[in-house]
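Small disclaimer: the values here were computed from a predicted structure and weren't measured.
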Amino acid sequence: MPKTFKLGMLGTAFAATLAVLAPGSAVADGHEDWPKYHRTDDGWRYSPLDQINADTIKDLRVAWIHQPGDIQHGLQATPIIVDGIVYYVGPNNNVYAVNGETGETIWHYKPDLDPIVRRVFYQAASRGVTVGHGMVYLGTLDGRYIALDQETGKVKWSRQITILEECYGCLFSSPPQLAGDILYGGTTGGDQPQRGKIWAVNALTGEPAWTFDTISDDQASWPGDTGDVGGGGAWMPGQYDAKRDAIIIGTSNAAPDFFGSIREGDNLYTASVLAIDAPSGELKWYHQEVPHDVWDYDSAYESVTIEHEGKDVIFHLNKGGFVSVLNKDDGSVVNVWPLSQTYNWVESIDPKTGELIGRNEPVEGEETTLCPYLLGVRSWNHGAYSPDTGLWYTNAMEVCNRIVAAPQNHEEIGIAGLYLGVSVLEAVDPPGQKASARLDARDPITGELKWTVDYPIPGLGSVLATAGGLVFNGDVHGVVRAYNDQTGEEVWSFATGSGIRSGIVSYGVDGKQYLLVPSGFGSHAPGFMASAFPDIVGLPGGAALIAFALD
């Protein structure tokens, strides 16, 4: 694989960001925090701090460790850091505020969850909190939005959004996000018989603001009542575009996942990127990446904003292995390129229109191998973009499904069941080769590969890029590595003890830069992966937030 480097062209927004940074400074003023899920709404997962770099990283040491106690499903959250305080959520919606210099607990909130959460499929999992308006916002496993006082952890308000007895997958595994005074989010459960929605409330009071139905009320798109169990949950955090006062958010697959003959039509707005007017909840534009999805190819992942040829564009990875580059004003296609190397669900995708060419659909009762598999060319763990290099760094894997599509009665599934529409589902090697994994550095507009690092088992944590010229990535064994962002050369590693499934971040306090690594293997992904990557079975669990700083 090539290991070459070309400096990316920086737009005016990038140049403005870089201009405020003093080269070689310990911690750049105004850039110490990690205040949002991706740090900023552009989705970069990039820290402008440069104290930790290729020259100094040899002196990186553990500064403190914080353990939530509960290790069920490990740590899946991206920590939020505001004014030197770390806010994060552990298993079962336990929220902590932690001193960012010492690791001491400031407060701990343990919600009184409805006992039904012990019966749902997505047990324990929580991917983060949101901080704003003096509050810490949480989406719960029993279908609530909760606002906690940022200083004390006391409940300011609580709003029941969904009823799990009536909608099995309608719980919040990801944190609701802020769009000004609007707090919004979607539920997990695209693989369950639900009608996906995005719920918005007033962030200050919790009063309902609007609800967006991700299932189009159109018989041509959803015949009969198939939309009522059609999936489409927007289960990952969206991103707010203040310039357009719009929410950019992706939706999940249509259900049943692999058995599409009962829901003939495009199945809007599943497997789509949506732009929603934040104050009203009205749809501004959409781009459906996978019309009539019969492969479980969600569009729920992050949308990353950059400037290209004088315009704002977003690039967005679909589980089907293709990256769509879209005009942010109207969702029109700029380019589409494949991250997957072994895809066979389509022959190709038109790079000018996004049209699927040569669909390879499952046939009822017939065994077939489809690539990528249901976790995608990458799971939900996010990539990182560096404005210094113009490169996007992302984990990727080449794995396929062996499936047999079959009808399924959604009324007989039960609260923890999945509405997949298969009688056989197994992760297998791609035809003619072994399942594989890697970390790629790519041009986000063209997909050109700059460098790659191979892994024996796919990385399931989110990537971090920094102004120190480093890219951080963790593996399923718990080893965190730092790479030169231009060449992919490994310059540092540390064994945390349990696999990385969450978001590595960086922040600064009083002139010192910290690297913060949530260690703790979990989620359902290892179970789905085991037949293709048997060495993933039995890896140790855990839950520990580990902060590093220079001596």
Problem - Within 45° cone of Trp337 ring axis and under 6.0 Å: Arg442 NZ or CZ - result: no

Handout entry: CG on Asp293 to CG on Asn253, rounded to 0.5 Å
Key = 5.5 Å

Exercise for the section: Find out whether Pro444 and Val304 are in side-chain contact, i.e. whether some heavy atom of one side chain is under 4.5 Å from a heavy atom of the other. Expected result: no

Problem - Donor-acceptor side-chain pairing of Asn99 and Trp64 below 3.5 angstrom - result: no

Practice task
Could you tell me whether the side chain of Leu464 reaches within less than 4.5 Å of the side chain of Leu515, counting heavy atoms only?
Solution key: yes

Practice task
Using modelled atom types only, decide if a donor and an acceptor are shared between the side chain of Thr251 and the backbone of Gly232 within a distance under 3.5 Å.
Solution key: no

Practice task
Take Thr394 and Asp440 through the test side-chain hydrogen bond (donor to acceptor under 3.5 Å, both in side chains) and record every step on the way to the result.
Solution key: CA-CA 5 Å; Thr394 184; Asp440 280 357; over 6 Å; no

Handout entry: Given Leu164, Thr187, Thr162, the one that forms side chain to side chain contact (heavy atoms under 4.5 Å, CB included) with Leu171
Key = Leu164

Exercise for the section: Spell out, as yes or no, whether a donor-acceptor pair under 3.5 Å connects the side chain of Ser531 to the backbone of Ala427. Expected result: yes

Handout entry: Side-chain touch Tyr483/Glu490, heavy atoms, less than 4.5 angstrom
Key = yes

Handout entry: Glu101 side chain to Gly84 backbone, donor-acceptor under 3.5 Å
Key = no

Problem - Side-chain donor or acceptor of Glu398 paired with backbone N/O of Thr342 under 3.5 Å - result: yes

Practice task
Please answer whether the main-chain N or O of Ile71 pairs with a side-chain N or O of His73 as donor and acceptor at a distance below 3.5 Å.
Solution key: no

Completion exercise
The salt bridge (charged side-chain N to carboxylate O under 4.0 Å, His left out) partners of Asp41 (sequence neighbours excluded) come to Lys36

Practice task
For atom NZ of Lys58, decide whether the heavy atoms of other residues, nucleotides or ligands shown that lie under 6.0 angstrom number more than 12.
Solution key: yes

Exercise for the section: Would you indicate whether the side-chain heavy atoms of Tyr514 and Val86 approach each other to under 4.5 Å? Expected result: no

Exercise for the section: Answer whether the closest heavy-atom distance between the side chains of Ser299 and Ser272 falls below 4.5 Å. Expected result: no

Practice task
Output, in order, the C-alpha distance, side-chain angles, deciding distance and verdict of side-chain contact (heavy atoms from CB on, under 4.5 Å) for Asp296 and Lys319.
Solution key: CA-CA 8 Å; Asp296 190 5; Lys319 276 171 61 174; 3.5 Å; yes

Exercise for the section: Examine distances only and state if a side-chain atom of Ser47 and a backbone atom of Leu49 form a donor-acceptor pair shorter than 3.5 Å. Expected result: yes

Handout entry: Side-chain donor/acceptor of Gln513 to backbone N/O of Gln51, under 3.5 Å
Key = yes

Completion exercise
In short, Ser303 meets Ile248 closest at the heavy-atom pair OG-CG2, 3.7 Å

Practice task
Measure centre to centre between the rings of Tyr343 and Phe322, then say whether the value is under 6.0 Å.
Solution key: yes

Exercise for the section: State the CG-OG1 distance between Asp50 and Thr466, to the nearest 0.5 angstrom. Expected result: 8.0 Å

Practice task
Output the distance between atom OH (Tyr168) and atom CD1 (Ile116), rounded to the nearest 0.5 Å.
Solution key: 8.5 Å

Exercise for the section: Taking the side chain as every heavy atom from C-beta outward, state whether Thr105 and His66 have any atom pair closer than 4.5 Å. Expected result: yes

Handout entry: Flag side-chain contact, heavy atom, 4.5 Å: Asp475 against Ile457
Key = no

Practice task
Go through the steps for Ile314 and Val273 under the test side-chain contact (heavy atoms from CB on, under 4.5 Å), then give the verdict.
Solution key: CA-CA 10 Å; Ile314 61 175; Val273 180; 4.1 Å; yes

Exercise for the section: Could you tell me whether a side-chain N or O of Tyr301 sits under 3.5 Å from a main-chain N or O of Arg378, the two making a donor and an acceptor? Expected result: yes

Handout entry: Criterion side chain to side chain donor-acceptor pair (under 3.5 Å) against Thr78, the qualifying member of Arg39, Arg45, Arg127
Key = Arg45

Practice task
Kindly say whether Trp345 contributes a backbone atom to a donor-acceptor pair with the side chain of Tyr297 at under 3.5 angstrom?
Solution key: no

Practice task
Go through the steps to decide whether Ile500 and Ser519 satisfy the test side-chain contact (heavy atoms from CB on, under 4.5 Å), and finish with yes or no.
Solution key: CA-CA 5 Å; Ile500 310 302; Ser519 168; 4.1 Å; yes

Exercise for the section: Say whether Asn395 and Tyr455, considering side chains only, have a donor N or O and an acceptor N or O under 3.5 Å apart. Expected result: no

Problem - Option among Trp451, Tyr46, Trp44 that satisfies the ring pair (Phe, Tyr, Trp, His ring centres under 6.0 Å) test with Tyr393 - result: Trp451

Practice task
Verify side-chain contact (heavy atoms from CB on, under 4.5 Å) between Val95 and Tyr87, making sure each step is shown before the conclusion.
Solution key: CA-CA 7 Å; Val95 182; Tyr87 303 91; 5.7 Å; no

Exercise for the section: Provide the closest heavy-atom pair for Ala467 versus Pro48 in the form atom of the first, atom of the second, distance. Expected result: CB-O, 3.4 Å

Handout entry: Atom of Gln76, atom of Ser502 and distance for their closest heavy-atom approach
Key = C-CB, 3.5 Å

Handout entry: Distance-minimising heavy-atom pair for Pro79 and Gly503
Key = CD-O, 3.3 Å

Exercise for the section: Say whether Thr130 and Gln177, considering side chains only, have a donor N or O and an acceptor N or O under 3.5 Å apart. Expected result: yes

Problem - Close side-chain approach of Met529 and Val399, heavy atoms under 4.5 Å - result: no

Problem - Lys450 side, atom NZ; Thr487 side, atom OG1 - distance, nearest 0.5 Å - result: 14.0 Å

Practice task
State whether the side chain of Asn381 and the backbone N or O of Gly461 hold a donor-acceptor pair below 3.5 Å, judged by distance alone.
Solution key: yes

Fill in the blank from the handout: Tightest non-hydrogen contact, residues Pro372 and Gly320, listed as CD-O, 3.4 Å

Handout entry: Contact summary for Ala125 and Leu141, nearest pair of heavy atoms
Key = O-CD2, 3.2 Å

Exercise for the section: State the CD1-CD1 distance between Ile198 and Ile247, to the nearest 0.5 angstrom. Expected result: 7.5 Å

Handout entry: Distance flag, aromatic centroids of Phe548 and Trp492, threshold under 6.0 Å
Key = yes

Fill in the blank from the handout: Between the CG atom in Asp33 and the OH atom in Tyr507, the distance rounded to the nearest 0.5 Å is 10.5 Å

